[in-house]
Every structure is written in C-alpha cells, then in structure tokens.
Amino acid sequence: MADVTSTWTEPSNTPLSLLLLGKGTDPASERGVDCPGDLPAPSDPDLVARATAAKAALGDRVFVLGHHYQRDEVIQFADVTGDSFKLAQQAAARPSAEFIVFCGVHFMAESADILTKPDQKVILPDLAAGCSMADMAVLGQVETAWEHFQDLGITDQIVPVTYMNSSADIKGFVGRNKGVVCTSSNAKRALDWSFEQGSKVFFLPDQHLGRNTAVLEMGFDLDDCVLYDPHKPHGGLTDEQLTNARMILWRGHCSVHGRFTLDSVREVRERVPGVNVLVHPECRHDVVKAADYVGSTEYIIKALDAAPSGSAWAVGTELNLVRRLALAHPDKQIMFLDRTVCYCSTMNRIDLPHLVWALEELVAGRVPNVITVDEKTAHEARVALDQMLALP
Ligand code: 13P
Ligand code: SF4
C-alpha cells in the first residue's frame with residue numbers, strides 16, 4: 001500500500017497573522033467566544049473516548065452534521081458530512097432527532113433551525129463560529145438598497161437571491177420579496193428560475209458566486225453585472241447603471257476563497273505540467289476563469305474521487321478539505337492551490353473540546369448554545385429556503 005502522505009505537501013504558514021479570535025484583538029467579531037461551563041483541555045488524551053461515550057449515551061436523540069471544512073478531529077464524529085446544501089437537506093430529513101449538533105458555522109445552524117421541527121434543538125458547539133461573508137450583508141443596508149430600487153421603480157423586475165451563506169434575516173428579506181436561497185451546488189438553477197420570474201437579480205452577499213454563475217455558466221457579459229457597495233450612497237452606482245443591469249451584485253466575498261489569485265494558478269501550471277486546476281465558485285472571477293473545473297465542495301469531492309490514478313490536481317478551497325482529500329487519494333497528486341495556509345478560522349472554532357463539551361452537556365440534561373430564529377423571520381426565510389429545495 002502506498003504511503004498515504006507521499007504526495008501531500010503542507011502549505012507554509014501564512015505571512016499575515018489571521019484574526020486571533022478569543023485574544024481580545026477584535027471584540028466586535030468575538031461574539032460568544034466565552035464558552036459557558038468547563039471546556040476540556042485540548043491536550044486531554046481522553047477526548048476521543050469522551051466524545052464516543054457521550055454520543056453513544058445519546059443514541060438516536062442526537063444527530064451530528066459536519067461541513068466539509070471542519071477539522072478531521074470533529075468530522076470523525078459526524079453522522080453526515082456535506083456542503084451547505086446537503087446539510088440543509090439532511091437537517092430537514094431528521095424529524096426524529098431531538099438534538100442536531102451542527103459542526104459548521106452560524107448561518108448553517110440557523111438554516112437547520114428553520115428547516116427542523118419546533119421541538120428539535122439545533123446546537124452550535126462554539127457560538128463564535130460565524131462567517132465573515134454572511135456578516136457583510138446587514139439587513140438595514142439591504143433594506144436601504146431595496147428602498148432605492150423602489151424609488152427607481154425597478155423592484156417589480158428584480159428577484160432577490162441570497163446565497164445560503166447569509167444570516168436568517170437576509171433570507172427572510174428574500175422570502176418576503178419573492179426570491180430564493182441558493183448554494184454553490186444550485187446557483188445556476190436558482191438564477192434560471194429567477195430569470196423566469198423577472199428580468200433582474202439582486203444577488204447577496206457573494207459577488208463572486210453571482211458573477212461567476214452569471215458570466216461563466218449563463219453567458220452573461222461582465223457589463224451585465226454591477227457591484228453594489230453598501231458603504232457608498234446608492235451603492236456607488238448611477239440610476240442608469242442600476243436600471244440597465246441584469247445582475248446587481250452585493251459587495252461581499254469569502255475571505256478564505258478570496259485569497260487564491262491568478263498568480264497561484266500560473267505558478268502551479270508552471271511547476272506541475274498537466275495539472276488540473278479545480279476551484280470553488282467563491283473564488284475571484286479571474287481565478288475561476290483560469291481554472292479547468294469549478295464547483296461546490298461536493299462537486300470537488302466527486303471530481304477527485306472520479307479522477308484517474310496518477311493525475312495531478314491543484315485545489316482552491318479550504319485547507320482542511322483539501323488535505324483530507326489528498327490523504328484519501330494517495331495515488332493522485334492533490335495539492336493546495338496556494339503556497340500558504342488558508343483555513344476558515346471560524347469553521348476551525350469548532351474543535352474536539354467544544355464538541356465534547358456540547359455532547360456531555362446534553363448527556364447531563366443541559367442544552368447548550370441553542371440557535372433559534374424568531375418565528376416571523378423563520379417563516380419568511382423558510383419560504384425562500386423551500387423555494388430552493390423545490391428548484392427543478
Ligand atoms: P458550500 O458548502 O456550498 O460548498 O460552500 C462553501 C462555504 O464556504 C461554506 O461556508
Ligand atoms: Fe464564510 Fe468563507 Fe468561512 Fe465559508 S469559508 S464560512 S464563506 S468565511
């Protein structure tokens with residue numbers, strides 16, 4: 001059997017210091033960093049045994065969902081792993097589980113709460129596991145933009161579409177304005193549906209997913225897209241630009257996928273002749289355009305499963321997933337697209353100590369870190385989520 005680590009090269013440490021969550025460097029982003037109760041020490045040698053025992057004690061009462069970007073130490077306890085679309089479907093398909101422990105980020109847990117029954121509890125093991133992209137679209141800003149579109153008389157033509165990576169109240173806004181949620185697995189289908197309902201789309205909050213889907217999958221011109229900057233009056237756009245645009249893209253992005261550059265693509269092609277470049281659609285447009293394949297995390301996993309032995313792949317998505325895939329396929333040369341590390345620091349907040357703590361709290365009869373969306377928001381957001389689940 002081949003040495004499982006033989007083709008994997010660990011990227012070097014990033015020269016930029018990442019946000020040091022929990023160190024008091026950015027209090028505004030450190031919501032919920034304090035963990036109520038006694039968090040086990042990361043060095044505790046019994047963590048795996050403790051998680052196994054707590055899960056066994058809870059049996060069918062608990063269902064653990066794990067996003068592909070989670071750490072291996074956490075993923076080993078997931079009943080189901082998936083991208084955000086699959087996890088939303090799976091949460092909705094488990095009406096008998098009393099507790100859904102969501103190993104992912106806050107917006108995913110909110111969607112799970114919306115899609116599960118009222119008596120089911122969704123638990124996020126660390127409340128600081130947020131998403132910087134979701135935080136880039138705040139409801140008040142979005143409503144201000146919509147009011148301006150109303151003044152221009154164009155809201156009748158606009159269908160709002162929000163990426164799953166947005167807060168519940170943004171999904172609620174989209175639901176009450178007859179729009180749809182999408183994920184990176186179904187963005188084209190969501191846009192096809194939207195352009196049957198209207199002639200323009202207001203796409204939140206990931207400009208890259210919106211632009212990449214419209215231009216590379218639907219044949220739009222870059223000029224059909226305008227970028228709405230919520231920090232500028234009227235988004236920094238003229239009335240004419242807004243009236244003529246087919247895609248109004250919110251100025252948001254993923255800070256993890258945004259790190260891959262055209263230089264990374266050029267560099268790997270020079271270094272590894274014949275390499276296949278495979279990236280997530282949250283990457284920048286020039287990177288996606290220069291890649292050979294583009295798709296959601298589920299697509300990336302399937303593409304590498306199906307790749308022939310001996311083929312070479314440079315993958316532009318979160319590092320936990322790329323490393324896991326490289327180790328699972330030692331017969332293929334799978335490498336990280338960037339030279340330096342690129343974790344999602346908020347996904348990484350969920351570690352084994354937090355998972356053990358959450359499971360043991362449940363065993364003790366206490367329900368920690370419950371994610372609850374208020375009834376009105378949940379109802380409106382559900383309209384947009386159900387529309388997504390019903391896409392042809
Ligand atoms: P998917 O899970 O839809 O591939 O999205 C990736 C991501 O950034 C999740 O936060
Ligand atoms: Fe948000 Fe990007 Fe992290 Fe996904 S990978 S949770 S979009 S910051």
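Counting starts at 1 for both ligands and their atoms, following the listed order.
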Report yes or no: is the cationic atom of R246 (NZ for Lys, CZ for Arg) under 6.0 Å from the centre of the six-membered ring of F220, at an angle within 45° of the ring normal?
yes
Taking only Lys NZ, Arg NE, NH1 and NH2, and the carboxylate oxygens of Asp or Glu, determine whether R94 and D60 approach each other closer than 4.0 Å.
no
Can you tell me if E298 contacts ligand 1 (heavy atom of the residue under 4.0 Å from the ligand)?
no
Would you say the side chains of H329 and D305 form a donor-acceptor pair under 3.5 Å?
yes
Look at the N, O or S atoms of C344, main chain and side chain alike, and state whether any lies under 2.8 Å from atom 2 (Fe) of ligand 2.
no
Ligand 1-proximal atoms of T317, by part, heavy-atom distance under 4.0 Å
neither
Do H67 and S84 pair up side chain to side chain, a donor and an acceptor below 3.5 Å, judged on atom types alone?
no
Tell me whether R50 is salt-bridged to D46, with the criterion being a basic N under 4.0 Å from an acidic carboxylate O.
no
Ligand 2 atoms in contact with S132 (distance to a heavy atom under 4.0 Å):
8 (S)
Does E318 come within less than 4.0 angstrom of ligand 1, counting non-hydrogen atoms of the residue?
no
Below 4.0 Å, non-hydrogen atoms only: which portion of M347 touches ligand 1? Side chain, backbone, both or neither.
side chain
Could you tell me which atoms of ligand 2, counted from 1 in the order shown, lie closer than 4.0 angstrom to a heavy atom of N165?
7 (S)
With a 4.0 Å heavy-atom cut-off (strictly under), which part of E282 contacts ligand 2: side chain, backbone, both or neither?
side chain
One finds that the ligand 2 atoms under 4.0 Å from a non-hydrogen atom of C131 are 1 (Fe), 6 (S), 7 (S)
